[in-house]
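Computed over heavy atoms, backbone and side chain alike; hydrogens, waters and symmetry mates excluded. First the proteins, then the strands, lettered A, B, ... as listed; each starts at 1.
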Amino acid sequence: MLASQYRPQEIEKQAHLEWEASGAHRAMEVPGKPKYYCLSMFPYPSGKLHMGHVRNYTIGDVLTRYHRMRGYNVLQPMGWDAFGLPAENAAMANGVPPAKWTYDNIAYMKKQLKSLGFAIDWERELATCKPSYYRWNQWLFLRMLEKGIVYKKTGVVNWDPVDQTVLANEQVIDGRGWRTGVMVEKREIPMYYMRITDYSEELLAALDTLPGWPDRVKTMQANWIGKSHGVNIGFPYTLDGKRQVLRVFTTRVDTLMGVTFCAVAAEHPLASAAAKDNSKLAAFVDECKRGSVMEADLAQMEKKGMATGLFVAHPLTGKQIEVWVGNYVLMSYGEGAVMGVPGHDERDFAFAKKYGLAIEQVIEVAGKPYCMAAWQEWYADYGVCVNSGKYDGMDFDRSVDAIATDLKAVGLGEKQTTWRLRDWGISRQRYWGTPIPLIHCAGCGDVPVPDDQLPVVLPEDCVPDGSGNPLNKRAEFVNCACPKCGKPARRETDTMDTFVDSSWYYSRYACADNNQSMVDDRVKYWLPVDQYIGGIEHAILHLLYSRFWTRVMRNLGLLQFDEPFTNLLTQGMVLNEIFFRKTGEGRSTYFNPADVDVRVDEKGARTAATLKSDGLPVESAGIGTMSKSKNNGVDPQALIERCGADTARFFMMFAAPPEQTLEWSDSGVEGAYRFLRRLWRFGADRHDAISKGIKGTAHCSKLSENQAAARREVHLVLKQANYDFSKFQFNTVASAGMKILNALERLPESETTVNTEGFSILLRLLCPLTPHVCFHLWSALGYGKNVFSAAWPEPEARALEQDEMELVLQISGKTRGSIRVPSQATREQIEVLAHRSPLAMKYIVGQNVKKVVVVPGRLVNIVI
RNA sequence: GCCGGGAUGGCGGAAUUGGUAGACGCACGGGACUCAAAAUCCCGCGCCCUUAAAAGCGUGAGGGUUCGAGUCCCUCUCCCGGCACCA
């Protein structure tokens with residue numbers, strides 16, 4: 001018997017018990033059975049789940065359950081990206097060690113994930129902050145060190161001079177330290193790097209082997225790697241009596257004859273040399289070195305520069321060219337120096353205009369006038385060389401070849417391929433991360449920790465206070481013996497970038513219990529990941545580092561594949577409304593949408609919003625991602641407790657397609673809940689009839705016209721829904737479920753045959769989305785024991801057949817109505833029927849028919 | 001600034017390849033049931049003119065290709081994601 005009322009809490013709890021008892025979500029290696037590894041990006045244990053998690057893991061769970069029903073052996077694991085800055089911030093705020101805070105959060109969030117009914121194999125759970133995981137970070141780091149993939153060099157960091165600490169970019173606000181408020185400085189410190197640039201070519205080329213990745217992600221990665229072809233040019237000069245060469249890289253050597261200055265980065269050796277006895281320049285160079293290291297900030301800074309007083313010679317004409325220091329020149333790209341061609345480059349133009357430097361046209365584009373006199377014209381288009389001596393009249397390709405040849409002849413340049421991608425600096429001057437397994441010895445230098453001393457265990461009871469890395473204050477951690485000479489030595493206290501942790505965790509899930517090796521043979525069975533799901537914000541860094549790391553492991557013989565993620569789904573963000581009031585000092589107070597009343601007019605359009613507590617108006621700042629700072633988050637817990645996990649899941653899937661942003665809506669949730677109540681009631685009302693009814697296919701021949709029409713509709717919607725499933729369009733799958741229920745509800749209750757079949761289709765179609773209610777109804781109505789072992793529903797061709805079909809009738813491209821024609825009608829017959837239809841007559845009598853377009857199954861267009 | 005993406009009723013969204021724009025849901029309006037409320041059910045719902053029908057307009061803005069454009073091309077505006085130490 002079925003209770004008349006839908007009580008999600010009860011049936012969900014019961015379902016969880018049954019699934020747990022039967023081990024329904026365990027994934028075991030079954031040789032020969034097709035496997036499907038479905039992975040969602042693991043969460044950072046920030047405290048409690050947010051809606052972005054719920055969305056991400058619901059998408060993953062829908063795919064997991066769908067593929068199980070399709071006969072795959074599916075693995076869906078879960079773990080914790082447990083190292084990172086927020087734990088240290090929480091420690092500073094509450095005095096709790098990051099470890100305790102992290103483990104408490106994991107326990108709570110795990111409970112929440114379980115309450116959502118995800119088909120996760122919890123036996124494979126991992127947390128990156130556990131020595132059993134990060135020891136393999138350390139182990140692989142040492143292998144990379146041996147192979148020369150890891151190396152040491154200096155890198156630039158944000159330095160807070162008051163707290164005497166390195167700041168993350170996130171901790172720099174408007175160029176100042178977040179806690180001290182003082183201007184941040186750039187500081188160079190020694191760091192360890194991974195040679196991801198050794199893999200530039202492969203990482204770029206292999207994007208073509210990833211048809212299952214969204215094009216936008218592949219484009220972003222390709223642009224990030226940034227392969228460009230150009231020429232490396234030398235501008236000779238003499239300094240301290242020695243002949244030297246200033247090297248620049250350009251992709252536009254065709255504009256070489258238009259160079260009117262050169263500009264170098266503040267960190268460039270030439271800038272330092274010139275600043276030595278020029279205090280004004282030294283001050284300017286210092287100024288450039290202050291402020292944030294973020295590229296976005298640098299690129300938006302006002303272009304500033306100062307002449308060095310040094311001159312270099314044009315490599316082909318010998319003309320003297322002044323060298324400037326420019327804050328828009330990045331030391332990290334190319335040679336840290338550029339040739340200035342203000343006539344044909346936007347940034348050079350802005351710079352030249354500001355400092356009154358010469359602008360010369362050396363490229364002409366047909367049909368595009370160049371108005372030098374106005375001093376506001378430049379263009380970067382490709383064209384033909386002019387004012388360029390022997391190169392005049394040459395197009396881009398020819399001039400590049402000619403100029404490169406001439407440069408080579410004088411030993412001042414050759415063609416070069418340059419990459420935008422930089423090596424990956426992994427050192428972090430922070431506590432809550434994987435210790436870098438090195439020991440610094442006065443006599444032996446940097447000594448790797450021997451494998452048998454791994455893992456280097458991070459003490460779990462430190463409490464950071466914002467002034468540097470607490471590991472430095474731990475004598476028992478820092479002081480150690482040199483593994484080579486045995487003398488007292490100093491342990492490295494830098495930890496690894498947390499992107500290291502997330503670069504290979506997907507492999508570890510296959511063998512999380514192995515404490516003898518990083519990976520084992522089970523990886524061969526499960527990997528690569530068939531479907532990876534996560535936020536679009538990870539499109540570049542995390543995914544690129546993972547692709548790199550996979551190749552490193554492959555080259556060490558640990559993995560047998562090139563690409564870790566065969567298919568990628570990038571999910572959109574979850575947004576909510578933002579309400580605020582301005583307070584005195586121009587600051588804003590934000591109010592949670594749950595505390596705001598919104599009034600509407602008789603058409604449903606919004607008229608006003610007021611705060612519930614005081615009834616006074618609040619302002620709307622539109623919609624934005626759910627965040628603490630905008631106070632617009634919705635706690636999934638309250639929702640689950642009130643409406644159940646199925647409602648939360650169904651709303652998430654219905655409100656928007658997975659890749660798009662999703663806007664939160666309380667009434668939308670209410671609608672989802674209403675639908676599930678209707679679904680339940682349909683089953684409860686027809687319980688007796690359906691449980692006694694004949695299961696299986698309803699036979700067309702025995703059906704009335706009414707029944708056949710309803711059945712046709714169900715199968716038609718199913719056909720579309722199956723297509724949508726294959727495209728991961730879960731929002732239209734959800735709406736297909738609603739359409740099927742609408743169709744079945746329109747049928748009289750006595751139509752048991754069609755109802756029984758239709759409802760079984762509906763339950764199977766929806767069970768990946770709302771597993772609990774479908775699981776319960778399926779067995780309660782006697783369809784079988786377990787809906788997840790049932791066959792996936794397929795539309796029946798015979799159910800879709802019909803004698804007549806409707807075609808749209810257009811007159812000269814304007815839709816005027818529709819006509820009915822026999823399904824088998826030929827193009828000619830359709831044309832005749834269309835002409836004879838009263839609707840067409842009305843428009844074509846007395847007109848000259850120029851042309852008739854017939855699109856089979858769609859429309860007829862009579863052009864007059 | 002650079003790279004990537006987006007824009008469709010009051011709202012979320014739908015519309016396989018160019019072929020009836022607005023499926024499905026929310027909100028809103030009207031009605032039924034009820035002592036009443038909640039729940040539930042029925043009807044309506046892009047804009048404009050209108051008693052109604054018909055016509056006209058309509059997918060961010062402007063232009064183009066086509067018998068036909070939300071969908072393809074060009075130009076522009078606004079919004080969102082990333083920019084290497086947030087994860």
Side-chain angles (χ1 to χ4, degrees), chain A residues 41 43-44 46 81 84-86 155 157-158 166-172 214-217 219-220 222-224 226 293-301 303 328 332 346-347 420-422 424-430 497-499 502 535-542 544-545 570 572-573 575 600-606 622 624-625 654-657 659-672 674-675 677-678 681 720 723-724 727 729 731-732 734-739 742 806-810 812-818 850-853 855 857-859 861-863:
Chain A
M41 290 180 186
Y44 178 79
S46 53
D81 187 14
L85 203 52
V157 294
N158 301 302
V166 175
L167 297 179
N169 282 340
E170 189 190 49
Q171 298 171 316
V172 180
D215 287 337
R216 58 172 162 158
V217 174
T219 310
M220 280 191 263
N223 289 337
W224 184 264
V293 301
M294 290 162 72
E295 195 185 311
D297 291 344
L298 296 173
Q300 278 173 89
M301 273 186 325
K303 279 167 198 54
Y328 72 103
S332 54
E346 186 171 8
R347 287 185 309 177
R420 213 186 72 94
L421 184 66
R422 306 199 294 262
W424 176 15
I426 59 130
S427 296
R428 296 292 178 271
Q429 298 67 44
R430 244 170 282 290
D497 181 2
T498 56
F499 275 123
S502 55
I536 181 70
E537 67 274 18
H538 295 292
I540 295 174
L541 292 180
H542 162 60
L544 194 61
Y545 291 144
T570 49
M573 315 269 270
L575 314 178
V600 295
D601 61 21
E602 71 285 351
K603 284 186 171 174
R606 169 174 302 185
T625 52
F654 178 62
E659 305 220 289
Q660 279 182 39
T661 54
L662 180 150
E663 220 173 288
W664 185 259
S665 153
D666 284 324
S667 47
V669 171
E670 208 46 58
R674 192 174 301 149
F675 169 71
R677 287 199 300 261
R678 262 175 65 205
R681 206 167 48 244
Q720 179 66 40
Y723 176 81
D724 293 344
K727 295 271 173 200
Q729 282 264 128
N731 56 328
T732 49
S735 93
M738 293 173 165
K739 286 179 191 174
N742 288 346
E806 201 169 83
L807 289 185
V808 169
L809 180 70
Q810 293 187 339
S812 297
K814 274 198 181 296
T815 301
R816 296 298 180 184
S818 61
K850 277 208 289 209
K851 172 177 185 181
V852 180
V853 181
V855 183
R858 290 274 186 189
L859 60 70
N861 185 9
I862 302 174
V863 185

So does Gln729(A) get a side-chain nitrogen or oxygen closer than 4.0 Å to the phosphate oxygens (OP1/OP2) of A15(B)?
yes

Going 5' to 3' through nucleotides 66-78 of chain B and flagging B where a protein heavy-atom sits under 4.0 Å of the base, S where only the sugar-phosphate is that close, and - otherwise, we get -B-----------

Check every atom of G56(B), C26(B), G81(B) against the side chain of Met573(A) and return the nucleotide holding the closest atom.
G81(B)

Side-chain contact check for Arg422(A): nearest option of A84(B), G19(B), G13(B) is A84(B)

What is the nucleic acid contact for Leu809(A), judged by heavy atoms within less than 4.0 Å: base, sugar-phosphate only, or nothing?
nothing

Using a heavy-atom cut-off of 4.0 Å across all strands, would you classify Tyr44(A) as base, sugar-phosphate, or nothing?
sugar-phosphate

Winner on side-chain proximity to Ser667(A), out of C85(B), C41(B), A27(B), is A27(B)

Contact class for His538(A) (heavy atom, under 4.0 Å): base, sugar-phosphate, or nothing?
base

Scan Ala539(A) against the nucleic acid and name what it touches under 4.0 Å (heavy atoms): base, sugar-phosphate only, or nothing.
nothing

Do Gln171(A) and C86(B) have a side chain to base donor-acceptor pair shorter than 3.5 Å?
no

Rounded to the Å, how far apart are His542(A) NE2 and C85(B) C1'?
17 Å

Which comes earlier along RNA chain B counting from the 5' end, the contact point of Trp224(A) or that of Thr625(A), where each point is its nearest nucleotide?
Thr625(A)

Across the strands shown, which category fits Glu806(A) at heavy-atom distances under 4.0 angstrom: base, sugar-phosphate, nothing?
base

Glycosidic conformation of G5(B), taking syn as within 90° of 0 and anti otherwise
anti

How is Leu85(A) classified with respect to the nucleic acid when contacts are heavy atoms under 4.0 Å: base, sugar-phosphate, or nothing?
sugar-phosphate

Looking at every strand, decide which applies to Arg347(A) at a 4.0 Å heavy-atom threshold: base, sugar-phosphate, or nothing.
nothing

Please classify the nucleic acid contact of Arg420(A) as base, sugar-phosphate, or nothing, using heavy-atom distances under 4.0 Å.
base

Assign Pro43(A) to base, sugar-phosphate, or nothing according to its heavy-atom contacts below 4.0 angstrom with the strands shown.
nothing

Pair Asp81(A), Ser502(A): side-chain N/O donor-acceptor within cut-off below 3.5 Å
no

Heavy atoms under 4.0 Å, any strand shown: does Phe499(A) hit a base, just sugar-phosphate, or nothing?
base

Considering every strand and a 4.0 Å limit on heavy-atom distances, what is the contact class for Glu659(A): base, sugar-phosphate, or nothing?
nothing

Could you check whether Ser427(A) gets within reach of a base, just the sugar-phosphate, or nothing at all, counting any heavy atom under 4.0 Å?
base

Protein-nucleotides 22-24 of chain B N/O pairs under 3.5 Å:
{"residue": "A23(B)", "atom": "O2'", "partner": "Lys739(A)", "partner atom": "NZ", "Å": "3.1"}

Determine the contact category for Ser818(A): base if any of its heavy atoms lies under 4.0 Å from a base atom, sugar-phosphate if only primed atoms, P, OP1 or OP2 are that close, otherwise nothing.
nothing

What nucleic acid atoms does Arg858(A) come within less than 4.0 Å of, heavy atoms only: base, sugar-phosphate, or nothing?
base

Secondary structure string for RNA chain B (Watson-Crick or G-U under 3.5 angstrom, | for other-strand pairs):
(((((((..(((......[....))).(((((.......))))).((........))..(((((..]....))))))))))))....

Shortest side-chain distance from Val157(A), nucleotide among C85(B), U20(B), G13(B):
C85(B)

